[in-house]
Novice: 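Sharing a structure here in structure tokens format.
None of these values were measured; they are calculated from a predicted model.
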Amino acid sequence: MTMDGALARVIRSAADRATAAGTERCELCAAVLADGHPHLYDTGAAELRCVCHACSVLFAAEEAGRYRSVPRRRVRLPSVDTAVLGVPVGLVFFVPHRDGTVTAQGPSPAGAMRWEVDAAAWRRLAVLCPPLASVVPDVEALLVNTVRGLDEHWIVPVDDCYRMIALVRREWRGLSGGGRVWSAVEQFFRELTERS
């Protein structure tokens with residue numbers, strides 16, 4: 001038995017008990033998390049981790065390597081013609097990655113749908129809309145909502161995008177989503193405006 005293995009089991013056990021009790025815990029040290037806690041992007045697993053403030057500072061240091069801090073900035077953009085990216089949906093987010101690839105994800109009743117995006121098309125779009133060149137790979141996204149006559153374009157942290165996907169999945173009813181899902185999406189974008 002190694003210390004790393006034993007420590008990992010203790011942390012997982014504490015986190016499992018906290019989840020059962022309805023208390024959210026840091027995925028790295030099992031500390032109780034406050035509302036609005038930070039997130040780290042785990043480059044090894046390509047997943048977001050809910051973390052406490054201390055772990056967000058400690059593990060996001062450049063020397064740590066594996067974890068990247070998810071920024072908090074939210075910037076509303078003027079209308080961006082994302083049709084050139086070839087994704088046929090109006091509620092979607094685009095994430096550039098460190099390796100130069102770009103992915104798009106959109107919500108559905110079953111979770112996220114995912115597409116590979118032509119990286120050259122993304123670079124051309126970034127020339128037309130210079131703020132897109134500042135999107136931090138893996139941890140920020142271009143979030144677009146052109147559903148039902150809306151025209152919303154934002155640079156946001158990826159955790160906002162995953163919250164939006166969870167919201168759609170939770171609120172979706174029937175084949176078309178129902179009225180509840182679209183009012184929830186509109187509220188989500190109003191809250192983005194308030195937090196920016």
Side-chain angles (χ1 to χ4, degrees), residues 12 15-16 18-28 32-51 68-77 80 82-83 85-97 101-117 122 135-196:
R12 277 194 307 274
D16 291 345
T19 300
T23 303
E24 194 169 12
R25 298 276 181 162
C26 176
E27 292 184 52
L28 299 179
V32 174
L33 293 177
D35 288 340
H37 58 268
H39 294 98
L40 293 177
Y41 178 72
D42 181 340
T43 61
E47 295 178 347
L48 287 178
R49 302 281 180 218
C50 295
V51 295
R68 301 193 49 224
S69 184
V70 175
R72 301 306 329 146
R73 80 173 174 147
R74 294 171 180 90
V75 179
R76 188 165 189 172
L77 301 174
V80 179
T82 57
L85 299 176
V87 177
V89 295
L91 185 57
V92 65
F93 64 94
F94 300 89
V95 181
H97 300 282
T101 62
V102 179
T103 57
Q105 293 185 54
S108 79
M113 299 177 294
R114 184 180 168 112
W115 299 268
E116 295 297 320
V117 174
W122 173 265
V135 173
V136 180
D138 300 319
V139 293
E140 284 188 319
L142 168 63
L143 175 60
V144 176
N145 182 12
T146 57
V147 175
R148 302 179 76 171
L150 295 174
D151 192 26
E152 301 263 359
H153 299 82
W154 290 81
I155 294 173
V156 297
V158 292
D159 51 2
D160 280 351
C161 299
Y162 294 120
R163 265 195 295 281
M164 186 261 307
I165 284 178
L167 171 105
V168 169
R169 188 170 184 189
R170 184 183 70 230
E171 299 297 332
W172 193 278
R173 300 292 183 269
L175 294 176
S176 65
R180 203 165 105 177
V181 70
W182 301 116
S183 62
V185 167
E186 289 173 16
Q187 178 62 32
F188 174 86
F189 279 90
R190 279 192 298 275
E191 289 170 6
L192 276 185
T193 302
E194 292 166 8
R195 292 153 112 193
S196 64

Novice: Checking side chain to side chain contact (heavy atoms under 4.5 Å, CB included) between Arg74 and each of Leu143, Ile155, Leu192, which is the one that passes?
Specialist: Leu192

Novice: Can you find a heavy atom in the side chain of Asn145 that is under 4.5 Å from one in the side chain of Met164?
Specialist: no

Novice: Is a donor on one side and an acceptor on the other found under 3.5 Å between the side chain of Glu27 and the backbone of Cys50?
Specialist: yes

Novice: Give the minimum heavy-atom separation between Gly106 and Trp115, together with the two atoms involved.
Specialist: N-CZ3, 3.6 Å

Novice: Identify the two heavy atoms, one from Val70 and one from Pro157, that lie closest to each other, and give their separation to 0.1 Å.
Specialist: CG1-CB, 3.6 Å

Novice: Report yes if some heavy atom in the side chain of Phe93 is under 4.5 Å from a heavy atom in the side chain of Val156; otherwise report no.
Specialist: no

Novice: Checking side chain to side chain contact (heavy atoms under 4.5 Å, CB included) for the pair Val136/Arg68: CA distance, chi angles, key distance, verdict?
Specialist: CA-CA 10 Å; Val136 180; Arg68 301 193 49 224; 3.5 Å; yes

Novice: Before you tell me yes or no, could you show the steps for Cys161 and Gln105 under side chain to side chain contact (heavy atoms under 4.5 Å, CB included), namely the whole-Å CA-CA distance, both residues' side-chain angles and the distance that decides it to 0.1 Å?
Specialist: CA-CA 9 Å; Cys161 299; Gln105 293 185 54; over 6 Å; no

Novice: Are Trp154 and Thr193 close enough that some pair of their side-chain heavy atoms sits under 4.5 Å apart?
Specialist: yes

Novice: Let me see the working for Arg148 and Val185 under side chain to side chain contact (heavy atoms under 4.5 Å, CB included), right down to the final yes or no.
Specialist: CA-CA 11 Å; Arg148 302 179 76 171; Val185 167; over 6 Å; no

Novice: Quick check: do Val139 and Pro71 have side-chain heavy atoms less than 4.5 Å from each other?
Specialist: yes

Novice: Of the non-hydrogen atoms in Cys26 and Val51, which two are nearest, and what is the gap between them?
Specialist: SG-CA, 3.6 Å

Novice: Between Val32 and His37, is any pair of side-chain heavy atoms under 4.5 Å apart?
Specialist: no

Novice: What distance separates Glu152 CD from Leu91 CG, expressed to the nearest 0.5 Å?
Specialist: 10.5 Å

Novice: So, using side-chain contact (heavy atoms from CB on, under 4.5 Å) as the criterion, who are the partners of Thr82 when residues are at least two apart?
Specialist: Val80, Leu85, Phe94, Leu125, Leu142, Val144

Novice: Check Ala141 against Val95 and note the closest heavy-atom contact, atom names and distance.
Specialist: CB-CG2, 3.8 Å

Novice: Could you grab the distance from atom CG of Asp42 to atom CD of Glu47, nearest 0.5 Å is fine?
Specialist: 7.0 Å

Novice: Is Arg73 salt-bridged to Asp160, cutoff N-O under 4.0 Å?
Specialist: no

Novice: Might you point out which heavy atoms bring Val117 and Ala104 nearest each other, and give the distance in Å?
Specialist: CG2-CB, 3.7 Å

Novice: Going through the distances and angles, do Thr101 and Trp122 end up as a side chain to side chain contact (heavy atoms under 4.5 Å, CB included)?
Specialist: CA-CA 9 Å; Thr101 62; Trp122 173 265; over 6 Å; no

Novice: So, Trp172 side chain and Gly174 main chain: donor-acceptor pair closer than 3.5 Å or not?
Specialist: yes

Novice: Could you work out, with side-chain hydrogen bond (donor to acceptor under 3.5 Å, both in side chains) as the rule, every residue matching Arg173, not counting sequence neighbours?
Specialist: none

Novice: Rounded to the nearest 0.5 Å, what separates atom CZ in Phe188 from atom CG in Leu167?
Specialist: 7.5 Å

